[in-house]
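Heads up, the thing below is written out as structure tokens.
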Number of protein chains: 2
Amino acid sequence: MPPRPRLNEQLLIEEAIVLIDREGPQGLSLATLAAKLGVKPPSLYNHVQGLPGLERALTLRGLEELSKALRDAAVGRAGSDALRAIAHAYRTFAKQHPGLYAMTQRSQEGRDEEIQAAAWQAVEVVLRVLEAFDLKGDEAIHATRCLRSALHGFVTLEATEGFGLSLEIDASFEKLLTMVDGGLRAAFSS
Amino acid sequence: MPPRPRLNEQLLIEEAIVLIDREGPQGLSLATLAAKLGVKPPSLYNHVQGLPGLERALTLRGLEELSKALRDAAVGRAGSDALRAIAHAYRTFAKQHPGLYAMTQRSQEGRDEEIQAAAWQAVEVVLRVLEAFDLKGDEAIHATRCLRSALHGFVTLEATEGFGLSLEIDASFEKLLTMVDGGLRAAFSS
DNA sequence: GTAAAATGACTAATAGTATTAGTTTTGTCA
DNA sequence: TGACAAAACTAATACTATTAGTCATTTTAC
């Protein structure tokens, strides 16, 4: 067998996550990552396919972890209870891993099957929660888009300091959930 | 007086807007912009302060145009009518100028007074519209954050193809507006 | 009308990035 | 111990932004 690697893809990605969560996706470069790992930039090509390959791996990892967080939050809950649980899990994930979360929201055009499947995993959790609202078919799709819009918009604005003064943001989030909970029922009362 | 310039900041920014609306903010580089303008990269430094200066100018321009679009949409309207009007204006702007819109949503930390003031201009339009919902003080702030979250989230997901199949997106937006309109009244009934 | 000054575009050079090719080192197994 | 495989390295290329310094041009002032 070949010699045991001093560095592997897992370790590389872990370090990259630390980097983007601290500096943002913009701050990710093979040069800085290699320096962090005590290695020269070309060595990274033995483990990932360049910068695009690394970004893809991070996107996939982010989608997987987000899905997991949502699934864990939804288990054993239903209705408004489940909705609020996954909403809080969504926001918590975005706050704990701002860089990784940002990776999951990059343009999806030209994405391969694996990425699209991972993205669908996360959407599916939301869809199932909304089924408890008696939503099916197109209505469920619309409602899912509404919920995702509200959540994604909120956590993004929070992350970019878009809300200005950071006071009372928790309270704003609770208001958002009340709005969505009530609004979904109102907009989709069949 | 000095000689008339062959190139000026206005022209430069117009071309940069075309570039980012087509390629995204990532695709903006002084090299490609200079090539578009038939000039060598160092010449751009006579008109903007490097790439950071150009990005700042684009952010400012985006905020100004967004504010203007929202103001124009809100004039002469009130209540749900005004809410839907600025929502559609918001989405239209984001679709017509995806790159410029993205510039307005970059991290606000370390932004100067002028940028913050321009950002406030846009928020203020929303705030005034929500005053017609009998919201004041903290409640109006929370409601504004909710509305901005929903709008920003929707147009961002739409821009990144985050919704998957592009069918029925107009219908989803109408549902979102119904949800927000109804949800705001429910969440903020004092 | 002509000279001076201001301005913008240029060339050249530097430093940083990703990437590829080719070489060397190193760990594991026969 | 020696051969192999994998991963690290060095060197080189091509792109980025940026700065310094030079040249050309145009406007202004005399």
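Order of the sequence lines sets the chain letters (A, B, ...), proteins ahead of strands, with each chain counted from 1.
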Shorter than 3.5 Å, N or O on both sides, protein versus nucleotides 9-13 of chain D: list them out with atom names.
from	atom 1	to	atom 2	distance (Å)
D:dC9	OP2	A:K40	N	2.7
D:dC9	OP2	A:S43	OG	2.5

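A:S80 has its side chain within reach of A:R185: a pair of non-hydrogen atoms, C-beta onward, lies under 4.5 Å apart. Put simply, the side chain of B:F154 does not reach to within 4.5 Å of the side chain of A:C146, judged on heavy atoms.
At D:dT18, one or more side-chain N or O atoms of B:Y45 fall inside 4.0 Å of OP1 or OP2 (strictly under the cut-off). Residue A:H47 places at least one side-chain N or O under 4.0 Å from the OP1 or OP2 atom of D:dA8.
Counted by atom type alone, A:H88 and A:E174 present one or more donor-acceptor pairs between their side chains at under 3.5 Å. Side-chain polar atoms of B:T178 and B:R84 form a donor-acceptor pair below 3.5 angstrom.
Spacing between atom CG of A:L37 and atom P of D:dA7 amounts to 15 Å, rounded to whole angstrom units. To the nearest angstrom, P of D:dA8 lies 11 Å from CG of A:L11. B:E55 has its CD atom 11 Å from the C1' atom of D:dA17, to the nearest Å. Atoms CD (A:Q26) and P (D:dT16) sit 17 Å apart, rounded to a whole Å. Atom-to-atom, CG of A:L44 to P of C:dT19 comes out at 10 Å; the value is rounded to the nearest Å. Rounded to a whole Å, the CG atom of A:L51 is 14 Å from the C1' atom of D:dT16.
Applying the side chain to side chain donor-acceptor pair (under 3.5 Å) test to A:R56 and every residue at least two apart in sequence or in another chain returns A:D112, A:E114.
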**Asked** Should A:H152 and A:Y90 be marked as a ring-ring contact (aromatic ring centres under 6.0 Å, His included) after you check the CA-CA gap, both sets of side-chain angles, and the distance that decides it?
**Response** CA-CA 9 Å; A:H152 172 55; A:Y90 194 101; 7.5 Å; no
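In the set C:dA9, C:dT19, D:dT18, the nucleotide with an atom closest to the side chain of B:L30 is D:dT18.
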